[in-house]
Each structure stands twice: as C-alpha cells, then as structure tokens.
Amino acid sequence: QPKKINRGFRTKDLLPVIFAVTGSSQKFGSEYVKFGMVAALTSMRLKDIYDLTNANLDRKYWKIRFVQSKVRELRKAQGSNKENQEVVLDVHEKLKPIFEAIPADKKGRLFEVPSTKAVTTAFCKAFRDSNVKGSFHSFRHALATTMLANGTDVKSVQDILGHSSITTTMTYLHALDENKKTAITSVEI
C-alpha cells in the first residue's frame, strides 16, 4: 500500500528541519543544510542534488540543467531509447551564495557528503527532532504547494518539477482547498 504523502507543507514549514539537520553530524552538518536549501528552493530529488557537478551549473545565467535520475532509471529499466528530457531550473537568489562558495573548477560532485543514505538518515533525524512528520522528499512537495499557493500556474510548476503529465502536478492543488475555505469564510456582508 502506498505511503500517504503530506502535500500540504509549505516551504517555510520545513525551515526548522533544515536548521535541525546541522546537529546530525559535526563533519557534514553544514553540507546537509546546503542539501536542504537546494531541495527546498529547486524541488530537486535527493539523488539529483547528490549527483550535481559543475557541468550542471550555468554560473553565467544561473541555471541548473539536469536529467532527473528517476526518469533515467525508469527508461533504462524499460530498455527505452527515448531521449531523456533535461530539466532547466533558475537558481534562487538564496542559493547563489551556496554555489558561489564552490570553486567553478571543482571536479566531481558539488557537495561533500558520504552518500545519499547518509543524507536520508540525517534528515530523518532532523524531521523527528523538529516534530515534523515528513521525509527529504517533503521539500519537493512543499515547494510545489508553495508555488501553487502563491499563484504560480500549474504548467510552470509541472515544468519545474519535471512531471511528464500535468495530472501528476495537479495532485498538489487539493492542498489548497483549505485556502479556499479560509477565503470564503473571510467574506462578510
């Protein structure tokens, strides 16, 4: 049975988790914070952030270009020859200092963490310590819900998330039903 996913998170709801992750490791705590910030402000999956290199980062126009690992793995498993669609994301202003601190000639991965498993473990602990029920993937859901709540059109959110079907993106709209109730009840005559 599939896990019930909380699509009602907003990005600001997960800030305590990002700051709590520093306590997970003296050596890697600050790298985990960078991971959380990138996830919260790009909607990228853990594996995609882990695999980021300078080749993915356009520092002139501040774009991140990558093929989603989930899509690559799915096509590989299906034996598909279909070309993988590249996702292009604008780098949020708050992420620029993080990327600027990484040398432009750095070889290999941008972030110095031991493994995706280590990041997952650190964030599981941070979610528990923050009393927030979620997982690293919650950052992706929170950004989608936040963008939609702020009036971003569904097609743009679909492109940012890299969904092939707009139906998938539209599952985030139900989280906004509470906003509609608040709007209606706020009207007085």
Side-chain angles (χ1 to χ4, degrees), residues 1-18 35-52 55-58 61-95 116-117 119-120 123-124 126-127 130 132-187:
Q1 185 161 343
K3 266 194 303 190
K4 182 168 175 19
I5 298 169
N6 183 346
R7 286 185 165 85
F9 282 129
R10 300 297 197 281
T11 305
K12 64 180 171 52
D13 299 332
L14 300 180
L15 284 176
V17 176
I18 293 173
F35 246 78
M37 290 297 292
V38 171
L41 295 172
T42 66
S43 81
M44 292 175 72
R45 291 180 175 89
L46 172 65
K47 176 87 169 99
D48 296 326
I49 298 169
Y50 181 77
D51 288 340
L52 276 179
N56 302 107
L57 187 60
D58 177 343
Y61 298 105
W62 288 110
K63 306 270 185 199
I64 299 172
R65 299 173 186 283
F66 67 104
V67 174
Q68 293 184 81
S69 57
K70 181 179 179 179
V71 173
R72 267 194 326 266
E73 292 166 10
L74 182 62
R75 295 234 168 95
K76 184 179 175 183
Q78 294 172 339
S80 173
N81 296 358
K82 194 173 177 184
E83 186 177 328
N84 293 326
Q85 183 71 30
E86 184 178 64
V87 176
V88 180
L89 300 173
D90 290 301
V91 174
H92 191 285
E93 288 297 319
K94 292 188 179 194
L95 294 179
T116 56
K117 174 96 170 115
V119 175
T120 300
F123 273 95
C124 283
F127 272 93
S130 302
V132 177
K133 190 174 181 178
S135 68
F136 190 86
H137 204 71
S138 299
F139 290 111
R140 186 169 166 82
H141 299 303
L143 185 61
T145 303
T146 301
M147 288 186 295
L148 290 167
N150 290 344
T152 306
D153 64 278
V154 178
K155 176 67 174 127
S156 294
V157 175
Q158 175 192 8
D159 291 345
I160 290 167
L161 295 175
H163 289 157
S164 58
S165 167
I166 201 155
T167 306
T168 306
T169 311
M170 291 177 69
T171 62
Y172 294 95
L173 291 173
H174 87 275
L176 304 179
D177 288 343
E178 193 57 40
N179 291 357
K180 289 190 280 186
K181 287 180 195 171
T182 303
I184 292 294
T185 58
S186 71
V187 175

**Report entry** With S130 via side chain to side chain donor-acceptor pair (under 3.5 Å) - residues at least two apart
**Finding:** none

Report task. Could you grab the distance from atom CG of L89 to atom CH2 of W62, nearest 0.5 Å is fine? Result -> 14.0 Å

Query raised in the report: With distance as the sole test, does Q68 use its side chain to make a donor-acceptor pair with the main-chain N or O of D48 at under 3.5 Å?
Result: no

Report task. Hey, could you give me the NZ/CZ distance between K47 and F136, rounded to the nearest 0.5 Å? Result -> 13.0 Å

Requested in this report: Let me see the working for L57 and L52 under side-chain contact (heavy atoms from CB on, under 4.5 Å), right down to the final yes or no.
Outcome: CA-CA 8 Å; L57 187 60; L52 276 179; over 6 Å; no

Report task. Output all residues satisfying side chain to side chain donor-acceptor pair (under 3.5 Å) with K117, sequence neighbours left out; order by chain, then residue number. Result -> none

Requested in this report: Answer yes or no: is there a donor N or O on one side and an acceptor on the other, between the side chain of N56 and the main chain of R65, under 3.5 Å?
Outcome: yes

Report summary line: Between the CG atom in L46 and the OG1 atom in T120, the distance rounded to the nearest 0.5 Å is 4.5 Å

**Report entry** CZ on F123 to OG on S135, rounded to 0.5 Å
**Finding:** 11.0 Å

Report summary line: In short, salt bridge (Lys or Arg N to Asp or Glu O under 4.0 Å) pairs touching residues 157-174 with sequence neighbours left out are K155-D159

**Report entry** Partners passing side chain to side chain contact (heavy atoms under 4.5 Å, CB included) against V157 (at least two apart in sequence or in another chain)
**Finding:** A144, M147, L148, T152, L161, T169

Query raised in the report: What distance separates I49 CD1 from M44 CE, expressed to the nearest 0.5 Å?
Result: 5.5 Å

Query raised in the report: Is it true that a side-chain atom of H163 and a backbone atom of S165 form a donor plus acceptor pair closer than 3.5 Å?
Result: no

Requested in this report: Kindly give the heavy-atom pair with the smallest separation between I18 and A40, and that separation in Å.
Outcome: CD1-CB, 4.0 Å

Query - Minimum heavy-atom distance F139-A39, with the two atoms named - result: CB-CB, 3.7 Å

Query raised in the report: Could you walk me through whether L95 and T42 pass the side-chain contact (heavy atoms from CB on, under 4.5 Å) check?
Result: CA-CA 9 Å; L95 294 179; T42 66; 3.6 Å; yes

**Report entry** For D58, salt bridge (charged side-chain N to carboxylate O under 4.0 Å, His left out) partners two or more places apart
**Finding:** none

Query raised in the report: For the atom pair CD (E86) and CD1 (I64), what is the distance rounded to the nearest 0.5 Å?
Result: 11.5 Å

Query - Non-hydrogen atoms of S138 and L14 that approach each other most closely - result: O-CD1, 3.5 Å

Report summary line: Sorted by chain and residue number, the side chain to side chain donor-acceptor pair (under 3.5 Å) partners of D153 (sequence neighbours excluded) come out as S156

Report summary line: For R10 and A149, the nearest pair of non-hydrogen atoms, with its separation, is NE-CB, 3.6 Å

